Asker: 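Can you read through this structure? Questions will come right after.
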Amino acid sequence: MKQHVHYSSVSQGHPDHALLSALASEITARTVGEQSLASSFAAMLRAYVDDVIMTPKTGRRAYEELEKTEKTYIGTRVEIELRALLDLEKGRLDCVIQGHDVDIKNTMGANWMIPTEAIDAPCILVAADEARALCYLGLVVARPEYLTAGQNKDAKRSISAEGFTHILWLLRDHPYPPNFWRTVPPEAVSRIFRGRAGNHRMAALFREVQGRPISRDVVEAVAQQHDFMRRIRADGGKGTRDHLAHEGLLLLSGHYDADLIAALGLPRCSHSEFVSYLPTTQSEIDLAAAHGITLGGLLL
């Protein structure tokens with residue numbers, strides 16, 4: 001998305017204000033408020049982009065590695081997922097809101113392509129900025145005067161610079177969960193994936209990324225094993241947790257070790273997240289022992 005997205009000029013007196021405000025209110029109501037809309041929408045974006053990247057199966061870790069057809073499919077996923085999230089019916093265009101046919105357009109770039117059938121119709125605009133981990137959700141009536149004069153070979157036109165001011169934003173420059181691999185230094189990523197065995201890669205992951213929750217999806221992507229959950233917890237002295245404990249490093253589960261995670265002052269983990277931590281004081285080592293973990297030896 002553009003580095004600087006202008007504020008909306010859609011206010012009282014604007015020709016699209018009544019329609020877009022009514023659609024915005026309906027969308028917000030269907031997600032039980034602005035806060036719920038923001039969180040569910042952002043999570044949805046992260047999930048479907050990661051689903052198409054498919055790191056556990058393909059080894060790819062970034063949107064830029066996708067094939068052109070896969071990038072196009074993300075737009076289809078947006079339409080399907082957003083319609084389900086808002087519980088909307090499909091109409092002449094992608095959905096119907098308060099009796100109005102509404103098109104849904106998605107971009108992972110800087111603009112949207114508006115088809116001829118959506119001209120003069122309201123559109124839901126969705127954008128995800130992978131590099132900056134920001135997302136956008138807006139509404140616009142795709143009037144010809146808001147669009148560029150030029151068009152592509154499919155007769156689609158994009159929104160002009162002036163047309164951006166006619167977008168009513170529900171979410172603008174809103175944070176969404178970043179691609180995990182963009183948050184890890186490239187040299188650390190190389191060390192993580194250097195290991196040939198799943199246990200070696202998982203151990204490297206938790207050595208390199210300590211003190212922050214790591215999702216089950218990331219662990220699966222690194223392990224590339226069907227039984228990675230058994231190995232990450234303990235595996236009779238052979239699992240990742242066992243190996244790290246020998247090194248003095250804690251590997252904790254948000255499901256099984258929530259009390260210890262809290263006692264150590266680490267970030268809260270969901271039931272499907274893990275966090276590693278290297279104790280630095282005897283009191284922390286004793287605290288781990290009190291929760292059944294002996295460092296420098298096997299997991300008890």
Side-chain angles (χ1 to χ4, degrees), residues 35 38-40 42-43 46-47 50 55-56 61 132-133 175-300:
Q35 186 173 353
S39 60
S40 57
R46 179 75 272 149
D50 287 346
T55 302
R61 296 186 287 274
R132 296 186 296 156
Y176 93 111
N179 178 315
F180 175 82
W181 299 109
R182 288 183 182 271
T183 70
V184 180
E187 59 273 17
V189 175
S190 295
R191 288 192 293 268
I192 290 167
F193 283 94
R194 192 177 298 158
R196 293 186 177 182
N199 265 349
H200 295 159
R201 292 190 297 272
M202 284 194 288
L205 169 66
F206 288 107
R207 289 189 199 103
E208 297 288 347
V209 185
Q210 297 182 28
R212 58 177 281 198
I214 296 179
S215 72
R216 174 186 173 129
D217 290 342
V218 170
V219 175
E220 182 183 8
V222 171
Q224 299 175 9
Q225 294 176 324
H226 293 298
D227 60 348
F228 70 96
M229 286 299 293
R230 177 172 66 89
R231 292 183 178 275
I232 200 172
R233 286 195 284 264
D235 190 21
K238 301 176 183 178
T240 303
R241 190 172 186 179
D242 301 321
H243 291 307
L244 293 177
H246 275 296
E247 300 172 14
L249 190 66
L250 290 168
L251 172 52
L252 305 174
S253 159
H255 182 67
Y256 295 100
D257 304 305
D259 290 344
L260 181 53
I261 290 171
L264 290 168
L266 298 172
R268 181 185 176 278
C269 295
S270 71
H271 280 200
S272 60
E273 291 179 322
F274 304 87
V275 62
S276 61
Y277 179 67
L278 182 65
T280 57
T281 66
Q282 186 61 48
S283 62
E284 290 181 336
I285 294 172
D286 292 342
L287 189 59
H291 284 78
I293 303 174
T294 299
L295 296 174
L298 289 180
L299 184 69
L300 300 180

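The model shown is predicted, which means the values in this text are computed figures rather than measured ones.
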Asker: Which atoms form the tightest heavy-atom contact between Ser270 and Glu273, and what is the distance?
Answerer: N-OE1, 2.9 Å
Asker: Check for a donor-acceptor pair, side chain of Arg201 on one end and backbone N or O of Phe193 on the other, with a separation under 3.5 Å.
Answerer: no
Asker: Write down the atom of Val209, the atom of Ser276, and the distance for their closest heavy-atom approach.
Answerer: O-OG, 3.1 Å
Asker: Check Thr280, Thr281, Asp286 against Ser283 for a side chain to side chain donor-acceptor pair (under 3.5 Å) and give me the one that passes.
Answerer: Thr281
Asker: Heavy atoms, side chains only, cut-off 4.5 Å: are Arg207 and Ile192 in contact?
Answerer: no
Asker: Determine the minimum heavy-atom distance between Ala245 and Thr294, stating which atoms define it.
Answerer: CB-O, 4.2 Å
Asker: Just by modelled atom types, is the Val218 backbone N or O under 3.5 Å from a matching donor or acceptor in the Thr55 side chain?
Answerer: no
Asker: State, yes or no, whether a side-chain contact exists between Thr240 and Leu205 at a heavy-atom distance under 4.5 Å.
Answerer: no
Asker: Is it true that atom NE2 of His291 has more than 12 heavy atoms of other residues, nucleotides or ligands lying nearer than 6.0 Å?
Answerer: yes
Asker: Taking atom CD of Gln282 as the centre, does the number of heavy atoms from other residues, nucleotides or ligands within less than 6.0 Å exceed 12?
Answerer: yes
Asker: Could you pull out the closest heavy-atom pair between Phe206 and Leu249, with the gap in Å?
Answerer: O-CD2, 3.7 Å
Asker: What distance do Leu250 atom CG and Leu264 atom CG have between them, rounded to the nearest 0.5 Å?
Answerer: 6.5 Å
Asker: For the residue pair Phe180 and Ile214, establish whether any side-chain heavy-atom pair is separated by less than 4.5 Å.
Answerer: yes
Asker: Can you sort out the partners of Arg182 under salt bridge (Lys or Arg N to Asp or Glu O under 4.0 Å), two or more places apart, ordered by chain and number?
Answerer: Glu64
Asker: Can you run down the side-chain hydrogen bond (donor to acceptor under 3.5 Å, both in side chains) pairs that involve residues 211-223, sequence neighbours left out, and say none if there aren't any?
Answerer: Thr183-Arg212
Asker: Under the side-chain contact (heavy atoms from CB on, under 4.5 Å) rule, what do Arg61 and Val189 come out as? Steps first, then yes or no, please.
Answerer: CA-CA 10 Å; Arg61 296 186 287 274; Val189 175; 3.6 Å; yes
Asker: What distance separates Glu247 CD from Asp242 CG, expressed to the nearest 0.5 Å?
Answerer: 11.5 Å
Asker: Looking only at non-hydrogen atoms, find the nearest pair between Glu284 and Pro279 and report the distance.
Answerer: OE1-CA, 3.3 Å
Asker: Looking at every non-hydrogen atom in both residues, tell me the closest pair between Ala42 and Pro175 and how far apart they are.
Answerer: CB-O, 4.0 Å
Asker: Are any side-chain N or O atoms of Arg46 and backbone N or O atoms of Pro177, one a donor and one an acceptor, separated by less than 3.5 Å?
Answerer: yes
Asker: Enumerate the residue pairs fulfilling side-chain hydrogen bond (donor to acceptor under 3.5 Å, both in side chains) with a member in residues 184-195, sequence neighbours excluded, ordered by first and then second residue.
Answerer: Arg191-Glu208
Asker: Is any side-chain heavy atom of Leu260 less than 4.5 Å from a side-chain heavy atom of Ile293?
Answerer: yes
Asker: Quick one: CG on Leu252 to CG on Asp259, what's the gap to the nearest 0.5 Å?
Answerer: 11.0 Å
Asker: To the nearest 0.5 Å, what is the distance between CD (Gln210) and CG (Leu244)?
Answerer: 9.0 Å
Asker: Kindly indicate whether a cation-pi arrangement holds for Arg241 with Phe274, taking the cut-offs as under 6.0 Å to the six-membered ring centre and within 45° of the axis.
Answerer: no
